[in-house]
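Basis for what follows: all heavy atoms, side chains included, without hydrogens, waters or symmetry-related copies. This one's a predicted model, so the numbers in the text were calculated from it and none came from an experiment.
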Amino acid sequence: MDQYLDGVKNQFLYYKILGEKAIDQLEDEQLFIQHDPQSNSIAVIIKHMAGNMLSRWTDFLTSDGEKSYRNRDEEFNEQKTDRSIVMKMWNAGWDCLFTSLNQLQTKDLSTIVFIRNEGHTVVDAINRQLAHYPYHVGQIIFYAKQLKKEEWNNLSIPRNKSVDYNKEKFSKEKAVKNYTEEEIKKLL
């Protein structure tokens, strides 16, 4: 189970870095572009993610993951600020998540925690968020790629390069490790 905790930390870190690499490619004003009234800007997605992270991971083992002070609906209101404020929200959310994860011990994994009064084992609660955050990071990447068009710097295997990528992977000895370890190194 220690491997599980290490693995999820690496996966969360991988998606955090992917999101940052996409955000870093954008001009400040592009963070606030809203495609249409039903879509969210990248800044709003970040505000929502931060709100969720702060709610879910603050006092993770001892209080409901939906905090009474959280105003989820407000997270989706467009409010043009600046990049530094958006990134402070982003970092506050991720810092809260990693602080909480780093405090967990194997014995905590079967503990029941609540989100909106629904009980989850710690493993299930972690997995729930490990599905939620990459979903939004994917939205950020997709939207950033649309905004940058041909100026986009790819964050994964480039088009028509799968054969080269696989050749490089299969040229190495088999090894047991978290798949994100190498990917994180490439991104940094």
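Between the side chains of Ser84 and Lys88, not a single donor N or O lies within less than 3.5 Å of an accepting N or O. Looking only at atom types and distance, the side chain of Asp6 has no donor-acceptor partner in the side chain of Gln3 under 3.5 Å away. Inspection of the Tyr4 and Asn127 side chains reveals an N or O donor paired with an N or O acceptor under 3.5 Å. Between the side chains of Asn52 and Gln129, at least one donor N or O sits under 3.5 Å from an acceptor N or O.
Checked against side-chain contact (heavy atoms from CB on, under 4.5 Å), Phe114 has the following partners two or more places apart in sequence or in another chain: Asp64, Ile112. Ser39 is linked by a side-chain contact (heavy atoms from CB on, under 4.5 Å) to Gln34, His35, Asp36, counting only residues two or more places apart in sequence or in another chain.
At most 12 heavy atoms of other shown residues, nucleotides or ligands fall within 6.0 angstrom of atom NZ in Lys149. The number of heavy atoms from other shown groups lying within 6.0 Å of CG (Asn77) is above 12.
Listed here is the closest heavy atom pair of Trp90 and Val137: CH2-CG2, 4.3 Å. Taking every heavy atom of both residues into account, Thr121 and Ser110 meet most closely at CG2-O, 4.3 Å. Across Leu18 and Ile141, no two heavy atoms sit closer than the pair CB-CD1, 4.0 Å. Shown here for Ser156 and Asn154, the closest heavy-atom pair between the two residues is N-OD1, 3.0 Å.
Remark: the backbone N or O of Lys67 is paired with a side-chain donor or acceptor of Ser55 at under 3.5 angstrom. Side chain of Asp59 to backbone of Thr62: no donor-acceptor contact under 3.5 angstrom is found. The main-chain N or O of Ala22 is never found under 3.5 Å from a side-chain atom of Gln25 such that the two would form a donor-acceptor pair. In this structure, Thr58 contributes its side chain and Leu54 its backbone to a donor-acceptor pair below 3.5 Å. In terms of modelled atom types and a separation under 3.5 Å, the side chain of Tyr143 and the main chain of Ile33 share a donor-acceptor contact. Side chain of Arg56 to main chain of Gly65: a donor-acceptor pair is present (N/O by atom type, distance under 3.5 Å, no hydrogens or angles).
Salt bridge status for Lys148 with Glu151: present, with a side-chain N to carboxylate O gap under 4.0 Å. Salt-bridge check for Glu74 with Arg70: failed, with every basic side-chain N at 4.0 Å or more from each acidic carboxylate O.
Rounding to the nearest 0.5 angstrom, the gap separating the CG atom in Asp82 from the CG atom in Leu31 is 9.5 Å. Separation of atoms CD1 (Ile157) and CG (Asp164) is listed at 10.5 Å; rounding is to 0.5 Å. To the nearest 0.5 angstrom, Phe32 atom CZ is 4.0 Å from Thr81 atom OG1. Atoms NZ and NZ, on Lys169 and Lys174 in that order, are 14.5 Å from each other to the nearest 0.5 Å. In this structure, CZ in Arg83 is found 4.5 Å from CG in Asp28, a value given to the nearest 0.5 Å. The distance from the CD1 atom of Ile17 to the CD1 atom of Ile184 is 5.0 Å, given to the nearest 0.5 Å.
Apart from Ile115 itself, the hydrophobic cluster it occupies contains nothing, where clustering links Ile, Leu, Val, Met, Phe, Trp and Tyr at side-chain heavy-atom distances under 4.5 Å.
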Dump the intermediate steps for side chain to side chain contact (heavy atoms under 4.5 Å, CB included) on Asn91 and Glu20, then the final yes or no.
CA-CA 10 Å; Asn91 288 319; Glu20 289 169 352; 3.9 Å; yes

Could you give me the CA-CA distance, side-chain angles and deciding distance for His48 and His132, then say whether side chain to side chain contact (heavy atoms under 4.5 Å, CB included) is met?
CA-CA 11 Å; His48 166 63; His132 185 201; 3.4 Å; yes

For the pair Tyr15 and His136, evaluate side chain to side chain contact (heavy atoms under 4.5 Å, CB included) and give the outcome as yes or no after the intermediate values.
CA-CA 10 Å; Tyr15 285 105; His136 288 305; over 6 Å; no

Side chain to side chain contact (heavy atoms under 4.5 Å, CB included), that's the test. Do Asp73 and Asn71 meet it? Break it down for me.
CA-CA 6 Å; Asp73 293 334; Asn71 184 346; 3.8 Å; yes

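Under the 4.5 Å side-chain heavy-atom criterion for ILVMFWY residues, a single connected hydrophobic cluster contains both Leu97 and Leu61. Placement of Met49 and Val44 in two distinct hydrophobic clusters is found when ILVMFWY residues are connected by side-chain heavy-atom separations under 4.5 Å, directly or transitively. When hydrophobic clusters are built by joining Ile, Leu, Val, Met, Phe, Trp and Tyr residues whose side-chain heavy atoms come closer than 4.5 Å, directly or via intermediates, Tyr135 is not grouped with Leu155.
Ile42 has its side chain within reach of Leu26: a pair of non-hydrogen atoms, C-beta onward, lies under 4.5 Å apart. Counting heavy atoms from C-beta outward, Leu101 and Ile126 have side chains that approach closer than 4.5 Å.
For residues 106-129, every residue pair satisfying the salt bridge (Lys or Arg N to Asp or Glu O under 4.0 Å) rule, not counting sequence neighbours, is listed here: Glu66-Arg116. Sequence neighbours left out, not one pair with a member in residues 91-103 passes salt bridge (Lys or Arg N to Asp or Glu O under 4.0 Å). Screening residues 150-175 for ring-ring contact (aromatic ring centres under 6.0 Å, His included) gives no qualifying pairs among residues at least two apart or on separate chains.
Between Phe98 and Phe12, the angle of the ring planes goes over 60°, which puts this pair in the perpendicular group of the 30/60° scheme.
None of Gln79, Glu78, Lys47, Lys80 except one satisfies the side chain to side chain donor-acceptor pair (under 3.5 Å) rule with Ser41; the exception is Glu78.
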